Number of protein chains: 2
Amino acid sequence: MKKLTNITPLENLSLVDKVEMRLKEYFKENNLKIGDSIPKELEFAEALGVSRTVIREALLRLRTIGVIESKKRKGMVLTQPDIIQNFEKAIEYNLLGEQTLTDIFELRLILEMGMADLLFARKTKEDLEELDKIVTKQEKDNIHTSFFSLEHEITFHGKLYQMSNNTTLQRFQDLLLPVFNYVHNNMTPEAKDFKYSKGTFVTHRDLLNILKEGTPEAFREAMRNHLEPHFEKVLHVVKQ
Amino acid sequence: MKKLTNITPLENLSLVDKVEMRLKEYFKENNLKIGDSIPKELEFAEALGVSRTVIREALLRLRTIGVIESKKRKGMVLTQPDIIQNFEKAIEYNLLGEQTLTDIFELRLILEMGMADLLFARKTKEDLEELDKIVTKQEKDNIHTSFFSLEHEITFHGKLYQMSNNTTLQRFQDLLLPVFNYVHNNMTPEAKDFKYSKGTFVTHRDLLNILKEGTPEAFREAMRNHLEPHFEKVLHVVKQ
DNA sequence: TTTTGTATTATGTTATACATATAAAGATAT
DNA sequence: ATATCTTTATATGTATAACATAATACAAAA
């Protein structure tokens with residue numbers, strides 16, 4: 001049976017809660033689209049028989065999640081909500097629990113593993129050239145040291161996300177970065193100088209070469225190897 | 001006449017905007033954590049020299065994104081924001097543009113491809129048994145017809161997400177489902193009865209068997225095959 | 001015609017009063 | 001002394017009214 005997760009009991013709903021629901025109905029019933037303007041606060045207040053205060057609070061909620069925008073004198077219009085921005089706002093307050101943070105850390109690994117097909121389908125000559133420049137510079141930067149550079153990771157992998165040509169994914173990754181850093185910085189020292197299992201260590205150059213001439217399958221396996229230390233961290237810890 | 005290029009506009013922030021920023025600072029400065037309670041509305045109003053209404057609007061924003069909760073008489077306390085729920089709210093209004101929707105559709109494909117390692121690391125005997133039941137039932141349901149059943153897809157893949165043992169991912173998928181359905185329903189008829197390229201078609205049973213005795217690598221490739229019609233749709237369309 | 005002033009309007013902000021739920025204290029019974 | 005039942009104080013929730021502000025339309029002036 002389907003779980004009843006997002007249905008709230010009718011009882012202890014505030015007036016604002018009810019009004020918000022009515023507003024949502026109103027939008028649906030009238031099939032309002034992005035760009036449509038909605039009645040003014042006083043009209044809603046009168047129509048629903050509540051004070052302007054309550055209407056304002058309900059509308060403010062909608063504004064907070066980016067469903068409407070308001071302008072003086074002009075009124076309010078429906079807008080396309082920026083789902084990533086909502087995400088961002090919540091994260092800014094540094095109130096996410098440990099579990100959510102590691103969940104997000106895992107999510108990022110999943111994304112990197114899963115985006116291979118998109119990359120191969122959408123890579124352009126320019127992308128590969130730029131990626132080549134990035135890798136070349138990084139190789140110069142640490143000729144002798146093979147030590148893990150977070151900055152290099154971000155630059156290289158960031159470019160990959162960009163190549164996916166999926167704006168939402170890309171912005172999602174921007175958002176996940178701080179979380180990734182946080183979890184990474186909290187890694188145990190042992191985890192940081194992790195030794196790769198198969199001896200061979202897949203570098204950014206290797207990934208780039210596969211991206212140039214290889215296949216999505218090969219890229220996935222190479223990426224899996226490249227991310228091994230991170231996978232090690234999350235997969236070998238017992239989740240409670 | 002001289003152009004006014006490098007003159008920055010005066011900040012056009014509303015009072016509530018400013019107050020919200022001050023509140024965020026306040027939380028950071030005082031290093032407030034989940035569960036901590038914050039001063040009451042009137043105290044904030046007095047301290048910042050604005051009306052209670054403005055404070056309320058700023059606090060309401062925080063409440064909307066789930067950073068604080070309020071109770072009568074008790075006051076307000078910091079809470080862990082539910083990032084997925086924010087996402088959800090925005091989606092409920094059906095205002096996402098075509099581009100965002102297809103982005104999300106792609107995102108789901110990426111997730112399914114990328115979660116293999118988590119599945120193998122966290123699968124339990126019980127999970128596999130339950131998955132077996134699901135597959136067996138589905139095989140009975142359509143003995144002769146090999147026709148695409150959305151419901152079956154959801155049940156099977158939903159269980160996979162659940163097995164990932166990543167609550168955020170799981171809820172994320174619940175959220176993505178309606179979008180997935182929407183995009184799927186808008187598929188062209190040709191795309192719906194897509195013929196698999198390699199002749200062989202990876203069934204849920206195949207995926208299950210690999211999950212039981214195979215490797216993440218094998219699972220990924222099988223999943224790639226299983227999702228081929230969907231990938232076909234997104235990868236062979238020119239994005240603008 | 002272009003600029004500048006002016007009225008209008010819907011949101012933004014303030015102030016005040018009252019309603020409501022409820023935690024906490026106090027009273028009563030066991 | 002413990003438990004249960006009132007009372008009370010309090011912080012948020014709601015209502016009302018008034019004014020501020022910015023954006024628009026339109027008239028007046030140049």
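Just so we're on the same page: letters track the sequence lines, and every chain starts at 1. Not measured: the values here are computed from a predicted model. All heavy atoms count here, side chains included; hydrogens, waters and symmetry mates do not.
Contact annotation: the side chain of B:K159 approaches that of B:D127 to within less than 4.5 Å [non-hydrogen atoms, C-beta and beyond].
Separating the CE atom of A:M76 from the C1' atom of D:dA23 is a distance of 15 Å, rounded to the nearest angstrom. As a whole-Å value, the separation of B:I55 CD1 from C:dT16 C1' is 17 Å. Atom CG of B:L42 is separated from atom P of C:dA17 by 13 Å (rounded to the nearest Å). The distance between atom CD of B:E46 and atom C1' of D:dA11, rounded to the nearest whole Å, is 15 Å. Straight-line distance from the CZ atom of B:R73 to the C1' atom of D:dT8: 8 Å, rounded to whole Å. The distance between atom CD of A:E57 and atom P of D:dA15, rounded to the nearest whole Å, is 10 Å. Rounded to whole Å, atom P of D:dG13 lies 6 Å from atom CD of B:E41. As a whole-Å value, the separation of A:L13 CG from C:dA21 P is 13 Å.
Minimum heavy-atom separation, B:L160 to B:L119: O-CD2, 3.2 Å.
At a cut-off of 3.5 Å, with distance as the only test, no side-chain donor of A:Q173 or A:H157 sits close to an acceptor on the other residue. Judged by distance alone, the side chains of B:Q170 and B:N166 never bring a donor and an acceptor atom under 3.5 Å apart.
Under 4.0 angstrom from either OP1 or OP2 of D:dT12 there lies no side-chain N or O belonging to B:R56. Distances shorter than 4.0 Å separate none of the side-chain N or O atoms of B:R52 from OP1 or OP2 on D:dT14. Within the 4.0 Å cut-off from OP1 or OP2 of C:dG12, at least one side-chain nitrogen or oxygen of A:S70 is found.
Among the protein residues, A:T53 comes within range of the nucleic acid bases, having at least one heavy atom under 4.0 Å from a base atom.
The aromatic rings of B:F172 and B:F87 lie perpendicular to each other, with more than 60° between the two planes, well past the 30° mark.
Of the residues near DNA chain D, A:G49 and A:K72, the one whose nearest nucleotide (by heavy atom distance) lies more toward the 5' end is A:G49. Remark on DNA chain C: of its neighbouring residues A:G75 and B:V50, the 5'-side contact belongs to A:G75, judged by nearest-heavy-atom nucleotide. Between A:P39 and B:V54, it is A:P39 whose nearest contact on DNA chain C lies nearer the 5' terminus.
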